[in-house]
Amino acid sequence: MNRLAASLGRMELQSPVAVASGTFGTEYFDLFDQSVLGLYVSKTITLQARTGNPPPRLYETEAGLLNAIGLQNPGLEAFIGEELPRLREVLKVPLIVSFSGASIDEFVQILLALEKEEGLAGYEVNVSCPNVEKEGIAFGADPDVVYALTRRLAELTQRELIVKLSPNVTDIAAIAQAAEAGGASSLALINTLYGMAIDWNTGKSRISRPVCGYSGIGIKPVALALTYKTAQAVRIPILAMGGIHSWQDALEFFYAGAAAIAVGTALYCDPLSAARIMQGLREHMEARGLSLKQIIGTVS
Amino acid sequence: MNRLAASLGRMELQSPVAVASGTFGTEYFDLFDQSVLGLYVSKTITLQARTGNPPPRLYETEAGLLNAIGLQNPGLEAFIGEELPRLREVLKVPLIVSFSGASIDEFVQILLALEKEEGLAGYEVNVSCPNVEKEGIAFGADPDVVYALTRRLAELTQRELIVKLSPNVTDIAAIAQAAEAGGASSLALINTLYGMAIDWNTGKSRISRPVCGYSGIGIKPVALALTYKTAQAVRIPILAMGGIHSWQDALEFFYAGAAAIAVGTALYCDPLSAARIMQGLREHMEARGLSLKQIIGTVS
Amino acid sequence: MIRYLTLPVHRSESIGGNYCLLAVRDAGLAALCRPGMFFELKSGAAGQDRRLFKPVSIYKVQSDEIAFLIKVLGPGTQALQVLEPGAPLKLLGPLGNAFQLVKDSRVLLVSGGVGYPPLAYLRDKLDASNEFTFLHGGNCRDDVFPCDDVWTVDGSSGRQGLVTEGAVQLIRDKGINVVYSCGPLPMLKALAQIVGPILHYVSLEAYMACGVGVCHGCAVPVGEGYQRVCKEGPVFDASLIRWGEL
Amino acid sequence: MIRYLTLPVHRSESIGGNYCLLAVRDAGLAALCRPGMFFELKSGAAGQDRRLFKPVSIYKVQSDEIAFLIKVLGPGTQALQVLEPGAPLKLLGPLGNAFQLVKDSRVLLVSGGVGYPPLAYLRDKLDASNEFTFLHGGNCRDDVFPCDDVWTVDGSSGRQGLVTEGAVQLIRDKGINVVYSCGPLPMLKALAQIVGPILHYVSLEAYMACGVGVCHGCAVPVGEGYQRVCKEGPVFDASLIRWGEL
Ligand SMILES: Cc1cc2nc3c(=O)[nH]c(=O)nc-3n(C[C@H](O)[C@H](O)[C@H](O)COP(=O)(O)OP(=O)(O)OC[C@H]3O[C@@H](n4cnc5c(N)ncnc54)[C@H](O)[C@@H]3O)c2cc1C
Ligand SMILES: Cc1cc2nc3c(=O)[nH]c(=O)nc-3n(C[C@H](O)[C@H](O)[C@H](O)COP(=O)(O)OP(=O)(O)OC[C@H]3O[C@@H](n4cnc5c(N)ncnc54)[C@H](O)[C@@H]3O)c2cc1C
Ligand SMILES: Cc1cc2nc3c(=O)[nH]c(=O)nc-3n(C[C@H](O)[C@H](O)[C@H](O)COP(=O)(O)O)c2cc1C
Ligand SMILES: Cc1cc2nc3c(=O)[nH]c(=O)nc-3n(C[C@H](O)[C@H](O)[C@H](O)COP(=O)(O)O)c2cc1C
Ligand code: FES
Ligand code: FES
């Protein structure tokens, strides 16, 4: 009996632990067995290649990580030509491809191209990156746009359609409902919060883009609050993330209403964190004689 | 020469260090001399007394503090009758009274009553408390409402009029601009972020209100980003706060554009933090031969 | 008068499974202590400077020595446990009200688990004109400390059962007219029922931030509205507590 | 093949003002090391588990011992500095490419400050068919380590001035045909100007998160677009670096 079986929209997962888009690569499978993951989410791709933001792109604060990668990626064509075949080859767990666009048409073009490809279980629609001008967050802040976008994409695929939401909005529940109404089969949240750090000695921004993305332990309470708010507002399942380092952290998110969780920044503090979390959850549920699904959303 | 002299709207301050509304009391003057403060901000008051939220109201996370006090306060009348005379008696630094209301009329009533009182330098209009249903954040998320409210209040007073903003919005700059257009003479930010924590062992929310307010080190990068964004968007000065524990933290906020800073949660980790920050800033500016005003907003 | 000091740990001992004893010496501070009061404590080690203080009752005051008995639960108490003699301990206090000290009474003291320290201190300071019995209960022998009558849930020390059973007997048999109590909430609730109309002072716990009455975080339902454990408490008249809301 | 291990610190020494040396022993790991490669290191102490690893070059490999020479700057390196022999050190690596090893060449090695360790390791492994000179510069005598010619800004050790002045002379006088360098950015930029068209391998630093090439955080402007210091680097052909953007 797999006490950790999870369902995310149209997918049945062997493990409720996934990886956060942009933070992971198959390089880590040298260190642990990929079967601990229920899902592999690719780095976000865009229609054209993006070189990303100038350095410095990273800074560790007292309680998390700032980044301004800027969606560096080789573009759709190179992804399909080079990266996807390699991932298909290596992966034994379902692949979700994350993508973003500067217009609804761009999103549609990418989805249509990926629909022709085998070996992927679905999509994560990134409308929430704080580190680029046109793609990403501009899309994710307006419920009407999210509805229109999701609706277009949902008509074009039978695969899992995850919409990834930004925490930097007044009412995440309204945006989640727009995605649900548009036909998203699940939601992912949260992308990074706005963050900034300055070298007090020189007055220089620590990152080339002053306002950038903030992840890691400092954002966990926020991610948990927004997971809870969203779970109260929609029926589709949530892939939750934001500062999850331990299996205890993961449990908090399940209680708040997450169907599955993803690990990002924690990997940079312990490359085995995803495996460790999976193992801890398994032992805990075993000891309690419960299945994970029994506790989802039962916070009191 | 006072290298740390600061201006906040209509006020000239001897020190750029203030205290965050709701986190401070004159009890602390047993431990340090009040002259380290440029400004004393009272706990938020409302028209009627509020008993506040049921316990538990507090929880310390890995990187900050969750609270759901719920604006417990004795109400306007008791404040004017008992608290204000005491504060007038004790305080040698300017007093700012923070208040909130459930309607524009309530805000107006409170301001009019306080206008009749001597011994206060101005007001902090709290439209950003996440821990109450009607007052607070419902007001602070809509630029039109913030404009209308500020406009009404600005017509009624010549005193300093600070509007305190919430970080839980899509576009803090737009709300800041609305307050500026309405006649606010300065801004305070940030109030607490949405946060939550769950006891993984029992599934119980750590706080009686599941979604509550998050302060402390974990919110510093967010507060800094929003200070920077706001400073880029308005001309009126900013009283910045959010996770400031050290004078180095404070310097980051000055570089980002803050005219003065406030200390909240840090007091609970070190009751002398405000004094320590003031002292550190003084020595640092002395060593560099600069005045604080020369570095405000000069982040590069 | 609240004081804020960093003092070297004078004594530091591990006790039983999960408790530790910390003591500091300061004559001025010791003179301010009363039974029922507490301190906000924090390790002075690096890495703790952005963490909260933790409220801990005064356990013993002997000449200039103030001792604390601490149950290690989470990060804050773990950081206290590892302090060796000489290491810096930060203290903010003494805080809170104190137990009302009665005279010529038949007194019952009831503590559970980590509620023991304030009652142990109170016992030492009770007027000799009183007659008193001190009951203490815990889950197992690890939670047991010196008193008149010990109860453990698992029977590993003293009598098996809940300490409240002992209280029922004593109240019935001894004509108790003052009760002092401190311990876990379920025990205090049960005890308040049992004690009924008898004068009953209870020391409550609450999660704290400031410890000095400014944040309103440690509110408990007392009388109308809420009162602060750190300021109006930690000792309350049990009859004023709205137990149903706790 | 990247490995992730927790090993006890074998040696731990304070060096000069602000450096420390840490060494671990593991024959398998040592066999994978090449000059120019680095490890992501982290203290295994409690309280560090939610902090990033820090990239540190391999300084010396002698039989099964791998040594690191670390300048203490901020929280990550402070946590490494306090590790005593026997304490746990977490290592992820070896990471990055390695220096191209030349033969029969007139080689110049130039390091500045904390750029010394990878060049010291490279020197030990340079083929005997090469003729080489190792220049090292620092701010003051605290930054000085064994080499052929030392420069300090304050003149407190070796020759006074910038190490790049020494490089100018040697390139002019000795017909150098390969340069290896590592150090602070201003030094590297100046050196790249001076070296001009001569073959020049430079080891760059960048703030890192993953260290294994997945996060794209350590990008530097090389060729068109950006390359990752942790994967395509840390050693780059200096002629491909867009120095103006650094
Ligand atoms: C007035 C007062 C006097 C106290 N006297 C003593 C004493 O003499 N000796 C002693 O060992 N402890 C005492 N306590 C309790 C002590 O403050 C807590 O155990 C401590 O704050 C736990 O902090 P932590 O960081 O170690 O654990 P946390 O991580 O904060 O908590 C660990 C677990 O304990 C629970 N917990 C945390 N704080 C409290 C609390 N205040 N009350 C009840 N449960 C809590 C949490 O919910 C969690 O499940 C007192 C508390 C108060 C309010
Ligand atoms: C491939 C590589 C090899 C390295 N090899 C060594 C080595 O052998 N010995 C050694 O002592 N150091 C080496 N470093 C540098 C070392 O990684 C940093 O000094 C360290 O990460 C600082 O971390 P911290 O937490 O102590 O300080 P932080 O708080 O991160 O930084 C303190 C100060 O140093 C600056 N800083 C931080 N990280 C870097 C960095 N990566 N490059 C430049 N400046 C930085 C910050 O801007 C800040 O001003 C190497 C770096 C790289 C990328
Ligand atoms: C270095 C880095 C790169 C990221 N890249 C992406 C990305 O390409 N697409 C995306 O949707 N989110 C990206 N994110 C956000 C993460 O997927 C995740 O939403 C966020 O980091 C919060 O989770 P965490 O705290 O566990 O890291 C990135 C985060 C980091 C730290
Ligand atoms: C216990 C507590 C009570 C607070 N009460 C109020 C309040 O009454 N009014 C208000 O405007 N902000 C209130 N705040 C928010 C603070 O003023 C401040 O905006 C926030 O805590 C961020 O600053 P910090 O991280 O330095 O604490 C409260 C915060 C805390 C922690
Ligand atoms: S802990 Fe702040 S009022 Fe009691
Ligand atoms: S540090 Fe992540 S790619 Fe280099």
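Letters A, B, ... mirror the listed sequences (proteins, then strands); counts begin at 1. Just so it is clear, the structure is predicted and the values come from calculations on it, not from any experiment.
Heavy atoms closer than 4.5 Å to chain B are found nowhere in A:I295, neither backbone nor side chain. Both the backbone and the side chain of A:A256 have a heavy atom closer than 4.5 Å to some heavy atom of chain B. Contact annotation for A:I172: neither backbone nor side-chain heavy atoms come within less than 4.5 Å of a heavy atom of chain B.
The candidate with the highest count of non-hydrogen atom pairs below 4.5 Å against chain B, out of A:P210, A:G216, A:G64, is A:P210. Counting heavy-atom pairs closer than 4.5 Å to chain A, the top-ranked of the candidates B:L224, B:I219, B:L251 is B:L224. Residue with the most contacts toward chain B among A:V222, A:I198, A:L193, A:L226: A:I198 (heavy-atom pairs, distance under 4.5 Å). Looking only at heavy-atom pairs under 4.5 Å with chain A, the residue among B:P221, B:G218, B:A225 that has the most is B:P221.
Annotation: side chain of B:V299 is in contact with side chain of A:M196 (closest heavy-atom distance under 4.5 Å).
By the side-chain contact (heavy atoms from CB on, under 4.5 Å) test, A:A262 pairs with A:A18, A:A20, A:L239, A:M241, sequence neighbours left out. Considering only residues two or more places apart in sequence or on other chains, A:A250 meets the side-chain contact (heavy atoms from CB on, under 4.5 Å) condition with A:I244, A:F254, A:I261, A:I277, A:L281.
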So between chain A and chain B, what donor-acceptor pairs come in under 3.5 Å?
unit_1: A:E62; atom_1: OE2; unit_2: B:K220; atom_2: NZ; d: 3.1
unit_1: A:T170; atom_1: N; unit_2: B:T170; atom_2: OG1; d: 2.9
unit_1: A:T170; atom_1: OG1; unit_2: B:T170; atom_2: N; d: 2.9
unit_1: A:T170; atom_1: OG1; unit_2: B:T170; atom_2: OG1; d: 3.2
unit_1: A:M196; atom_1: N; unit_2: B:P221; atom_2: O; d: 3.0
unit_1: A:I198; atom_1: N; unit_2: B:E252; atom_2: OE1; d: 2.7
unit_1: A:G203; atom_1: O; unit_2: B:S300; atom_2: N; d: 3.0
unit_1: A:S205; atom_1: N; unit_2: B:S300; atom_2: O; d: 2.8
unit_1: A:Y214; atom_1: OH; unit_2: B:G218; atom_2: O; d: 2.7
unit_1: A:G218; atom_1: O; unit_2: B:Y214; atom_2: OH; d: 2.7
unit_1: A:K220; atom_1: NZ; unit_2: B:E62; atom_2: OE2; d: 3.1
unit_1: A:P221; atom_1: O; unit_2: B:M196; atom_2: N; d: 3.0
unit_1: A:E252; atom_1: OE1; unit_2: B:I198; atom_2: N; d: 2.7
unit_1: A:S300; atom_1: N; unit_2: B:G203; atom_2: O; d: 3.0
unit_1: A:S300; atom_1: O; unit_2: B:S205; atom_2: N; d: 2.8

